[in-house]
There are 2 protein chains.
Amino acid sequence: MKVTQLANKLGVSADTVRFYTRIGLLNPSKSPNNGYKTFNHKDMVRMQFILSARNLGFSVEDIKVIFSKTDLGDSACQLVRELIKVKLLETEQQFNEMVKLRSKLSKAIQDWSQMPDNIPTGNMICHLIENTNQEDIVSEELDVPHCVNETSTEVK
Amino acid sequence: MKVTQLANKLGVSADTVRFYTRIGLLNPSKSPNNGYKTFNHKDMVRMQFILSARNLGFSVEDIKVIFSKTDLGDSACQLVRELIKVKLLETEQQFNEMVKLRSKLSKAIQDWSQMPDNIPTGNMICHLIENTNQEDIVSEELDVPHCVNETSTEVK
DNA sequence: CTTGAGCTGTGTGTAACACACAGAGTTATA
DNA sequence: TATAACTCTGTGTGTTACACACAGCTCAAG
């Protein structure tokens, strides 16, 4: 099988197959006459595994680590069980950030509906954005006296 | 103000300031004697705006477009209102994907708790992963007769 | 003047591919 | 067999938003 054939069979782009080959996840043999990559059944199993793992959110690096065990004939199950727990935690975290961002955005859209369109000044570029963020930083760090000194440090 | 001073004042890394300068979002003047970037008040307002916009999920490219209006003295409010709507849609979409991934992961963890640790074979690298994904692809595309022909196309 | 700390700009790396492109291979037609 | 037309290949580069490395410059202390 050549690159494009494998790609079509698994519903991915030829570039994806080339990419996984380039980074060493796939090791097709090379046709001696034209140098083309030649994939066999094992390579396809490997590629399917990669796609399944990616589908579960595993990174290419994760997959590399997994292969480093399975290529030695060892079971990767324990490793995979651990990796997925980490993945879940990461996903939860990203999920929470999505939630925060989403509500921030909806709130902004709503708030902005009652605000005028202003023209930029030397101190304000777009009041919609600048005022929005003032709110959720308020008790974070801008409560320290800011921008009062150092301004005259402009020595030269 | 030099790079590090501005960075510290706004709580970001000097590299971030340099980056925004490099891509043209900031245009500090350069000290004629040593070539160092020199930031004034306007540059700081600009930088704060960038940070606020990034905080709302706007991309650097978005910000570039915004500046292309405000730098001409035009109001960017209408533009910003449109951009944020798009942002919200994108966020909703990513949010949904997060939800799907999260449940996929939890389900996998649960299912796997009752499955043995297997050793890789020629057809299966890690049954945990390979079997998990079989499930949610089942009615997608693998229901077409797959992998029955072409295998013998291996001419040479 | 020298030393050393600190700062600077620039080049490169990151994740996971997508795209571009020249050159080689393959096929169809003459 | 020649040639045109098309397909395929490998490789180089672009993507996002910075982080890191590093040589060289600046500046204060001695």
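Just so we're on the same page: letters track the sequence lines, and every chain starts at 1.
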Notebook entry, point to check: Do the side-chain N or O atoms of A/K37 get closer than 4.0 angstrom to the phosphate oxygens (OP1, OP2) of D/dT9?
Noted result: no
Note to self: Expressed as a whole number of angstroms, how long is the span from A/N55:CG to C/dC17:P?
What the structure shows: 11 Å
Notebook entry, point to check: Rounded to the nearest Å, what distance is computed from the CD1 atom of residue A/I23 to the P atom of nucleotide D/dG10?
Noted result: 15 Å
Note to self: If I take atom CE in residue B/M47 and atom C1' in nucleotide D/dA17, what distance separates them, rounded to the nearest angstrom?
What the structure shows: 12 Å
Item checked: Trace of the side-chain contact (heavy atoms from CB on, under 4.5 Å) decision for A/N55 with B/K104 -> CA-CA 10 Å; A/N55 199 338; B/K104 209 189 293 185; 2.7 Å; yes
Margin query: With no hydrogens and no angle check, just 3.5 Å: does a side-chain donor-acceptor pair link B/N123 and B/T121?
Written below: no
Check: Which comes earlier along DNA chain C counting from the 5' end, the contact point of A/S13 or that of A/N34, where each point is its nearest nucleotide?
Finding: A/S13
Item checked: Rounded interatomic separation in angstrom, taking CD from B/Q5 and C1' from C/dC7 -> 10 Å
Next item on the list: Ignoring backbone atoms, test whether B/Y20 places a side-chain nitrogen or oxygen under 4.0 Å from the OP1 or OP2 oxygen of D/dA17.
Entry: no
Margin query: Over all strands shown, is A/R54 touching base, sugar-phosphate only, or nothing at heavy-atom distances under 4.0 angstrom?
Written below: sugar-phosphate
Check: Between A/K64 (NZ) and C/dC17 (C1'), how many Å, whole number?
Finding: 14 Å
Item checked: B/E97 with B/K100: basic N within carboxylate O range, under 4.0 Å -> no
Check: Going by distance alone, is a donor N or O of one side chain under 3.5 Å from an acceptor N or O of the other, for B/S13 and B/T16?
Finding: yes
Next item on the list: Provide, to the nearest angstrom, the distance between the NZ atom belonging to A/K30 and the P atom belonging to C/dA24.
Entry: 15 Å
Check: Nearest heavy-atom pair of A/C77 and B/C126: which atoms, and what distance?
Finding: SG-SG, 3.9 Å
Next item on the list: Check whether any side-chain nitrogen or oxygen of B/R18 sits under 4.0 Å from OP1 or OP2 of C/dT8, and answer yes or no.
Entry: yes
Margin query: Output the rounded distance in Å from CG (B/L56) to C1' (D/dA17).
Written below: 17 Å
Item checked: Integer-rounded Å distance: C/dG9 P and B/F19 CZ -> 15 Å
Note to self: Given the structure, check if the side chain of B/D15 and the base of D/dC20 hold any donor-acceptor pair shorter than 3.5 Å.
What the structure shows: yes
Item checked: Given D/dC18, C/dG9, C/dA16, the nucleotide with the shortest approach to the side chain of A/S59 -> C/dA16
Notebook entry, point to check: Quick one: on DNA chain D, does B/V60 or A/R22 contact a more 5' nucleotide (nearest heavy atom)?
Noted result: A/R22
Note to self: If you assign A/Y36 and A/T16 each to the DNA chain C nucleotide with the nearest heavy atom, which residue ends up on the more 5' nucleotide?
What the structure shows: A/T16
Item checked: Side chain of B/T4 (C-beta onward), nearest among C/dT8, D/dG10, D/dA17 -> C/dT8
